[in-house]
Amino acid sequence: MKRYVLLFLLIGHMAIAQTPIDVNKEFAFATQQYGLMLKSHPDTTKFPQSTKPDGTPDDRKSDWWCSGFFGGSLWYLYERTNDPVWKEAAHKWTMAVAKEQYNTGTHDLGFMLYCPFGNGYRLTKNAAYKPIMLTGAKSLSTRFDPKVGVIKSWNKFQTYNYPVIIDNMMNLEFLFWAAKTSGNKEFRDICLTHADNTLKNHYRPDYSSYHVICYNPDGTVAAKKTAQGAADNSAWARGQAWGLYGYTVMYRETKDPKYLAQARHIADFYLKHPNLPADKIPYWDFNAPNIPNEERDASAGAITASALLELCTYGGPSAKTYYQSAVKMLESLASPAYKATLGENNNFILKHSVGSKPQKSEVNTPIVYADYYYLEALLRYDALNKKGSFKS
Ligand code: GLY
């Protein structure tokens, strides 16, 4: 009997000491799958987005908010492999978004431009990328009205003229880059004001967030709503993920402890939520009406894993929990439950995301940004393991 206990302990110990995610294997798969994606997408005006209800690929144009994710993912493949084939493909799909630098009709320029051009510039220092991003940052900043104190997300929502969605926190990283690169402090000031007003108006006492805050012209709040969540007062899963990622970036850029505290509170809300399943991939809304018979959102899982893998580097009593939770999320996403088999899933890496259930759009489908944040999280995980800061 004792011998069995000893063996069990030994196996248990080995399992803990092992790296649970084989990053090489995951990138080997990702390069194969995205190799097929490149073959099936010869036209750079048709960006991989998702799968239509009839199972065929759903492609979008460069003005769709997700157009930058494919190029961004290709840069992550280049970062990992150092293979010029990926550099060439990434450059091609990055430049395919360039005309959006003049687009003042969307707040999503952070996603559209910084994911492809920002990663491309970080990895190659290609001088052509810089002016495109700086023009894009200017276009984005036209959506900030100082009297309201936030960047306008959409031009209209229901009867409201100044809606701001929590997702908008994700554009700030782009503006911080623009401030540092151009020396124009205005970009940074916009980030601070937007983040402070979002913290004040988007968050509830339990640190969950509303999806849409509709502002009056004087900056007061007209209404607190949802567009993609289950209800106005519910916690839409991807919204929680965007906020967590956004406030983690705010702390990175400012070192202001109030943003770190906010990011930790959001993480704790998410991780301690009774409706977070054991595999740590959330339902599309933490308050979806029919849990457990609701779809999971792998994209929220990937964004959260990536954010936690940065948040854990800032220490504090929960750092290890954040790291271990992110590892669990990555383990789940890398398992057959969420990861496609080669050549299936319209060549996306991850299955089972939800774009917008109320609009019956992209429900339980692959979505391009789930892949992007999954690859980013894998790179962050690998970098942390190499540094030896955490043990899995
Ligand atoms: N930014 C839109 C979404 O997360 O669906």
Side-chain angles (χ1 to χ4, degrees), residues 47-51 58 60-70 72-73 97 100 103 105-116 140 143 150-157 163-175 194 198 202 208-214 225-232 234-247 249 266 270 281-286 288 294-307 348 350 352-374 376-377:
F47 291 77
Q49 165 69 20
S50 182
T51 291
D58 186 5
R60 302 289 167 99
K61 293 199 240 148
S62 68
D63 64 356
W64 181 239
W65 75 274
C66 301
S67 59
F69 292 118
F70 186 51
S73 291
V97 194
E100 301 309 325
N103 188 341
T106 176
H107 74 134
D108 284 316
L109 292 180
F111 289 125
M112 294 157 80
L113 296 173
Y114 198 58
C115 295
L140 173 58
R143 299 185 68 80
V150 272
I151 302 166
K152 187 195 265 201
S153 293
W154 303 324
N155 293 338
K156 189 97 187 167
F157 177 65
V164 177
I165 59 176
I166 187 63
D167 325 27
N168 208 336
M169 284 300 298
M170 296 297 284
N171 290 307
L172 305 185
E173 189 176 12
F174 180 36
L175 292 184
H194 181 94
T198 298
H202 257 91
S208 66
S209 91
Y210 288 92
H211 183 203
V212 191
I213 300 296
C214 304
K225 297 278 184 181
T226 197
Q228 285 161 255
D232 290 344
S234 73
W236 174 53
R238 198 163 51 258
Q240 313 314 304
W242 292 142
L244 170 64
Y245 197 116
Y247 282 100
V249 169
I266 300 167
Y270 193 108
I281 306 302
Y283 297 100
W284 65 278
D285 190 304
F286 282 96
E294 295 279 1
E295 295 81 6
R296 305 295 190 89
D297 182 11
S299 78
I303 297 158
T304 302
S306 188
F348 289 97
L350 295 180
H352 305 314
S353 289
V354 174
S356 183
K357 185 148 180 192
Q359 279 77 32
K360 297 189 175 58
S361 166
E362 299 171 336
V363 179
N364 198 17
T365 61
I367 307 185
V368 65
Y369 46 83
D371 289 4
Y372 174 86
Y373 289 100
Y374 174 64
E376 180 180 270

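Counting convention: from 1, in listed order, for ligands and their atoms alike. Heavy atoms only: backbone and side chains are in, while hydrogens, waters and symmetry mates are out.
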- Message: Is there a polar contact between ligand 1 and D108, counting only N or O atoms under 3.5 Å apart?
- Response: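 No, there is no polar N/O contact under 3.5 Å.
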- Query: If only atom types and distance count, is the side chain of R238 paired as donor or acceptor with the main-chain N or O of V354 below 3.5 Å?
  - Reply: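 Looks like yes, one N/O pair under 3.5 Å.
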- Query: Looking at E294, R296, H352, which hits side-chain hydrogen bond (donor to acceptor under 3.5 Å, both in side chains) with N364?
  - Reply: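 Of all the options given, the one that passes is H352.
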- Item | From CA spacing to verdict: side-chain hydrogen bond (donor to acceptor under 3.5 Å, both in side chains), D285, S234 | CA-CA 7 Å; D285 190 304; S234 73; 2.7 Å; yes
- Query: Given L172 and I151, is the side chain to side chain contact (heavy atoms under 4.5 Å, CB included) satisfied, shown in steps?
  - Reply: CA-CA 10 Å; L172 305 185; I151 302 166; 3.9 Å; yes
- Query: At what distance is the nearest protein heavy atom to atom 2 (C) of ligand 1, and which residue and atom is it?
  - Reply: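 Closest protein heavy atom to atom 2 (C) of ligand 1: D167 OD2, 3.0 Å.
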- Message: Can you name the atoms of ligand 1, numbered from 1 with element, that are less than 4.0 Å from a heavy atom of Q228?
- Response: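 Going through ligand 1 atom by atom, the ones under 4.0 Å from Q228 are 3 (C), 5 (O).
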- R238 heavy atoms, cut-off 4.0 Å: which ligand 1 atoms fall inside?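 Near R238, meaning under 4.0 Å from one of its heavy atoms, ligand 1 has 3 (C), 4 (O), 5 (O).
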